[in-house]
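Below: one structure, written as structure tokens.
Bear in mind the structure is a predicted one, so any value in this text is a computation, not a measurement.
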Amino acid sequence: MSGVPVNKAAPRALLLGLQYADQTRAEAEALLDELGELAANLGMVVPVKHLVRLRERNPRFLLGTGKTAEIIAEAKANNCELVVFDDELHPAQQRNWEAESGLIVIDRHEIILDIFAARARTKEARLQVELAQAEYFMPRLRRAWSHLSRQRGGGVNARGEGETQLELDQRLVRDRIQRLHADLEIVRKQRGVQRRQRLRVPLPTTAIVGYTNAGKSSLLNALTGAHVLSANKLFATLDPTTRRLKLPSGRTLLLTDTVGFVRRLPHRLVEAFKATLEEALVADLLLHVVDASSPEATVHHATTLAVLQELGADKARILTVLNKVDRVDDPLRMAELKAEFPDALFVSAQTHAGLDQLLGKLDDFVAEEARPQTLLIPHSRYDLINRLHQAGAVHREQPRDEGVYIEGLLPQRLLESVREYVISTPAPHELHEDEPAAGNAVA
């Protein structure tokens, strides 16, 4: 590492995109533009982007020696302190580039890790980021300690600290990774306890998933009236947020916002964030949010499905929602999207267009999961009656001498706790439609 001083306010970076044989130039340029957004999220100034068509991988620099010299000269001519590759560099190639250029050379994965480190707020998220960073820098031990010191506040532009610890061997890093795994296991158990507590009021669960910056948090806010951070930047939300959503029928479900995905998301980051993404794994329904205004909507949709498959969540029921339709001014483009996503809902979290239809679909989903039941619950079990009301499951309620007579639609998980008080299972049309549900307010 060269120790080149970096402007802490705004480090200058040359972004280097790679077009492989199986890619079109448009695809490679879209990825390079996305890397520019990622770099901007870290406060970098990007005076130049360079796209290289890679026909053959050079084991020393990835690029050929002539192209490498050209890129280094271009970076220095533009007063850049960093060269950022839009792919993962082999550790040896990274060292060779830095030795050859005297510049800081990083890759897309390191940029994403830095953004996650800057955005992590909860203990769980910080542990997950630290674990991903430690595993990423294990084979890059020569630079690892200077990078890991940045977790305590610095980011890309705070290199140079920890240089005296370069002699620390891999055993120390392995020990650190083991401790992080142990700490994360404790957090996972705590999250499991919290989830079981939520299931004591066994409401249907829906997780919002999708490409980063698709408007997932904005949709959660629009549907529930929550005030979750939503910003026009990549990875604005890392920590899952769960809110209750009362549906038009009076029934209730739990709606969870999750971290967004991105192309070339480091596999180790997916692994590290499985504790957070468990919300998607256990949800009854996934709302897959796609940015309708993005020219890359199709690719973003496919990327999210690929990550869900990697997580093992691709077998869940999925409802596709194209958000930000207020930004699609071209009728032809809208027609193309509707043809490509015929089963999707088209909404705007900003203008609330289409939200009524979305709420109706969610209501239909909850109704499908529920079964009509007639109950007679003893007066001594008002705790169960309260849980039925919290779930929005009560259609009709009548006090009687022997207990409380209830007709309603009960989710399967809730039915287990009241099964001994079931009188009969009427057909849905046999429920008394002329009497309103009693006390359906959510606590």
Rounded distance [0.5 Å steps], CG in L247 versus OG1 in T252: 6.5 Å
Salt bridge (Lys or Arg N to Asp or Glu O under 4.0 Å) contacts in which one or both residues fall within residues 331-353, not counting sequence neighbours: R333-E336
Flag, side chain of K76 to backbone of S101, donor-acceptor distance under 3.5 Å: yes
Value rounded to 0.5 Å, distance of CD1 in I112 from CG in L38: 5.5 Å
Check: C80 main-chain N/O paired with N78 side-chain donor or acceptor under 3.5 Å: no
Under 3.5 Å: donor-acceptor pair, side chain of N323, backbone of A349: yes
Heavy-atom pair of closest approach, residues L223 and L245: O-CD1, 3.2 Å
Side-chain heavy atoms of L62 within contact of H90, under 4.5 Å: no
Side-chain heavy-atom pair L219, L355 within 4.5 angstrom cut-off: yes
F137 side chain near V173 side chain, heavy-atom distance below 4.5 Å: no
Backbone N/O of L89 and side chain of D107: donor-acceptor pair under 3.5 Å: yes
Inter-residue atom distance E130.CD - R126.CZ, 0.5 Å rounding: 10.0 Å
Neighbour count >12 (heavy atoms, 6.0 Å) for atom CD, Q350: no
NZ-NE2 distance between K67 and H50, expressed to the nearest 0.5 angstrom: 4.0 Å
Check against salt bridge (charged side-chain N to carboxylate O under 4.0 Å, His left out), E98 and R95: CA-CA 5 Å; E98 292 190 337; R95 288 193 292 269; over 6 Å; no
W97 side chain reached by L63 side chain, heavy atoms, under 4.5 Å: yes
V209 and I318, any side-chain heavy atoms less than 4.5 Å apart: no
Given K49, R263, R264, the one that forms salt bridge (charged side-chain N to carboxylate O under 4.0 Å, His left out) with D86: R264
T303 side chain to V262 backbone, donor-acceptor under 3.5 Å: no
Straight-line distance of L332 CG to M334 CE, nearest 0.5 Å: 11.5 Å
L254/R244 under side-chain contact (heavy atoms from CB on, under 4.5 Å): CA gap, chis, key distance, verdict: CA-CA 5 Å; L254 296 178; R244 289 190 181 209; 3.6 Å; yes
Which atom of V347 lies closest to which atom of G354, heavy atoms considered: CG1-O, 3.5 Å
Non-hydrogen side-chain atoms of E100 and R60 separated by less than 4.5 Å: yes
G408 backbone acceptor or donor facing Q373 side chain under 3.5 Å: no
Non-hydrogen atoms of L319 and L285 that approach each other most closely: N-CD1, 4.2 Å
Main-chain N/O of V105 paired with Q94 side-chain donor or acceptor, under 3.5 Å: yes
Spacing of L51 atom CG and R25 atom CZ [to the nearest 0.5 Å]: 4.5 Å
Donor-acceptor contact present, side-chain T304 to main-chain Y211, <3.5 Å: yes
Close side-chain approach of L31 to Q23, heavy-atom, < 4.5 Å: yes
Closest approach of Q93 to N58 (non-hydrogen atoms, all atoms of both residues): NE2-O, 3.4 Å
Pair R174-M138, side-chain contact (heavy atoms from CB on, under 4.5 Å): steps then yes or no: CA-CA 8 Å; R174 282 195 296 267; M138 181 72 164; 3.0 Å; yes
Which atom pairs, donor and acceptor, lie under 3.5 Å between side-chain atoms of residues 286-293 and protein residues at least two apart or in another chain?
unit_1, atom_1, unit_2, atom_2, d
D291, OD1, S293, N, 2.9
D291, OD1, S293, OG, 2.6
D291, OD2, S293, OG, 3.4

Test item: T258 side-chain N/O and I208 main-chain N/O as donor-acceptor pair under 3.5 Å: yes
I111 to A39 - nearest heavy-atom pair and separation: CG2-N, 4.4 Å
Pairs flagged by salt bridge (Lys or Arg N to Asp or Glu O under 4.0 Å) wherever residues 346-364 is involved - sequence neighbours left out: R251-D363
Check: T24 main-chain N/O paired with E27 side-chain donor or acceptor under 3.5 Å: yes
Over all atoms of both residues, closest heavy-atom pair of G17 and L32: N-CD1, 3.5 Å
Residues L305, Q309; criterion side-chain contact (heavy atoms from CB on, under 4.5 Å); working and verdict: CA-CA 6 Å; L305 292 181; Q309 184 175 23; over 6 Å; no
Stepwise side-chain contact (heavy atoms from CB on, under 4.5 Å) test for L337 and F346: CA-CA 9 Å; L337 289 170; F346 289 76; 3.9 Å; yes
Beyond-backbone contact of R12 with L82, side-chain heavy atoms, under 4.5 angstrom: no
